[in-house]
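Along the sequence shown, residues are numbered consecutively beginning with 1. No experiment lies behind these values; they were computed from the predicted model shown.
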Amino acid sequence: MGGPTTTVQAHHDNMVVDWNQTMLAAFATANVPPPNANRLGATVAASVFDAVNGIERRYQQIHFPAAAPDDASPQAAAASASHSALRALFPAQQASLDAAFAASLQSISDDGEDGQSIADGVAWGAAVAGNIVAWRAGDGFSATPPPYVFNTTPGQWQPTPGGSGPPKFRTLATTMPWAMTSPSEFRPGGPPALTSARFAQDFNEVMSLGSLNSTVRTSEQTQTAVFWQTDTPVATWDRLADSLLLQNHKNLLQSARILALTDISIADAIIAVFDAKNAFNSWRPVTAIRTTVDPTWLPLMTTPYFQEYPSAHSGTSSAAAAVLASFFGEGTSFTLTSAGLPGVTRDFTSFHDAVAQVTDARVWAGFHFRFSCDDADALGARIASNTESTLMQPARD
């Protein structure tokens, strides 16, 4: 997925939001795959939160326990933490990131902040980001996975059109979580039996609605499937979070905490999803349909090259939506955009409706059985609740 290049963001008097938008632009420029973007968003958001909170000390730190200089600028710390983390993660974008950082520091200076306070904030933010980036570099994502053993038993994953070799991103299943005690803490129960009525129902649905040449899928349903496939979950939900933070006039620390809870919930959701994907190793609809009914069947779009159950997009979207609903209200009205369909929007009157549309979109794309999305929705909600009750709790006096 392509996207805009990293650019200097407009000044919103909220450096957390400014640099969250710069982060999303950096991900798009580097064309980061969704599973990895979901992981990296948490690293940057955690760096920003620990930098801002380390000065204000309202909540428990995520990881970096040192005390910030008393007069450090929170705005400068937020910009510096994100800038330092992104430079470490995307060294090829150094020039554009440095330009954005210089513009941020100039805007802080123009607002009248003391030069020493800005310098202390910059140094503090860089120290926090360096610590967290180094910590998460050892999370296991970059480890070499064990050899994958193919299994031709019905129901087991097989290579799908557009790829070859073992399924991708297997190390997410053993990546160190942020708030969960282990990747398997909230593992769902698994797909229904191949002989069950539920499997037959969902099999027939995706075979009909998710086919490349479906005669029953509407043009609106086709566009919706593309809408949710042509952007990463972290980009979709962080853009919404940014707009809600500004609309509701959240301060710097509130913004940093909400974004960190959102992105860490997304990160733990993708870890939990891949734990289950590896544990159950389920076949995709394209394999199930081609081997049992129609050897020529193809989905609307190329199936992601990893196991089917549970749905990654459903799980991460459910986690993000649950966090945002807890702060802004389940009945919030909002509009979502997708980088892959400029000018196309989707309007919602609740977070539940948005998550439900993700489920529909994965079926209409031909990627998932509906039960896989339903179980992932429940998984994401549990992970969001766990993150909110575990991390960044109010600090004791």
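For the pair Phe141 and Asn36, the minimum side-chain heavy-atom distance is below 4.5 Å. Residues Leu246 and Asn14 form a side-chain contact, since some pair of their non-hydrogen atoms from C-beta on lies under 4.5 Å apart. Considering only heavy atoms from C-beta on, Leu89 comes within 4.5 Å of Leu40 through its side chain.
Taking the six-membered ring for Trp and the full ring otherwise, Phe351 and Phe328 have centroids separated by 6.0 Å or more. Between Phe90 and Phe27, the distance separating the two ring centers is shorter than 6.0 angstrom. The six-membered or imidazole ring of Phe169 lies away from that of Tyr305, with a centre-to-centre distance of 6.0 Å or more. In this structure, the ring of Trp124 has its center less than 6.0 angstrom from the ring center of Phe64.
Every side chain to side chain contact (heavy atoms under 4.5 Å, CB included) that Glu56 has, sequence neighbours left out, goes to Val52, Arg58, Pro74, Leu253. Every side chain to side chain contact (heavy atoms under 4.5 Å, CB included) that Ala67 has, sequence neighbours left out, goes to Arg57. Listed by chain and residue number, Ser208, Leu209, Ser214 satisfy the side chain to side chain contact (heavy atoms under 4.5 Å, CB included) test with Val216 (two or more places apart in sequence, or in another chain). Residues passing the salt bridge (Lys or Arg N to Asp or Glu O under 4.0 Å) test with Glu330, sequence neighbours excluded: none. Qualifying ring-ring contact (aromatic ring centres under 6.0 Å, His included) partners for Trp237, counting only residues two or more places apart in sequence or in other chains: none.
Within the structure, salt bridge (Lys or Arg N to Asp or Glu O under 4.0 Å) pairs that include any residue of residues 26-53 comprise Arg39-Asp139 (at least two apart or interchain).
Side-chain atoms of Asp347 and Ser333 form no donor-acceptor pair, as typed in the model, at a separation below 3.5 Å. Residues Asn278 and Tyr148 bring no donor and acceptor atom of their side chains to less than 3.5 Å of each other. There is a side-chain donor-acceptor pair under 3.5 Å between Arg239 and Thr337. Side-chain contact check for Thr160 and Arg284: no donor-acceptor pair (N or O, by modelled atom type) lies under 3.5 Å. Residues Asp353 and Gln357 have side chains that never bring a donor and an acceptor to within less than 3.5 angstrom of each other. Checking His368 against Asp202 by side-chain atom types alone, no donor-acceptor pair falls below 3.5 Å.
From Phe369, atom CZ reaches atom CD of Glu308 across 5.5 Å, with rounding to the nearest 0.5 Å.
The hydrophobic cluster containing Ile264 does not contain Phe274, counting ILVMFWY residues as joined when their side-chain heavy atoms lie under 4.5 angstrom apart, directly or transitively. Taken together through direct or relayed side-chain contacts under 4.5 Å among Ile, Leu, Val, Met, Phe, Trp and Tyr, Val286 and Val226 form parts of separate hydrophobic clusters. Hydrophobic clustering (side-chain heavy atoms under 4.5 Å, transitive across Ile, Leu, Val, Met, Phe, Trp, Tyr) groups Val234 together with Phe327.
Checked against Thr236 for a side-chain contact (heavy atoms from CB on, under 4.5 Å), the options Leu336, Val358, Leu24 give a single hit: Leu336.
With respect to the salt-bridge test (charged N to carboxylate O, under 4.0 angstrom), the residues Asp374 and Arg370 do not qualify.
For the pair Arg346 and Phe227, the distance from NZ or CZ to the six-membered ring centre is under 6.0 Å and the angle to the ring normal is within 45 degrees. With Tyr59 as the aromatic partner, Arg257 meets the cation-pi criteria of under 6.0 angstrom to the ring centre and within 45 degrees of the ring axis.
More than 12 heavy atoms of other residues, nucleotides or ligands shown are found within 6.0 angstrom of CG on Asp110.
Ring pair Phe280/Tyr309 is perpendicular by interplanar angle, where above 60° counts as perpendicular and below 30° as parallel.
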Residues Gln61, Asn53; criterion side-chain hydrogen bond (donor to acceptor under 3.5 Å, both in side chains); working and verdict
CA-CA 7 Å; Gln61 294 285 87; Asn53 187 63; 2.7 Å; yes

Can Ser104 and Trp19 be said to form a side-chain hydrogen bond (donor to acceptor under 3.5 Å, both in side chains), step by step?
CA-CA 9 Å; Ser104 294; Trp19 275 88; 2.8 Å; yes

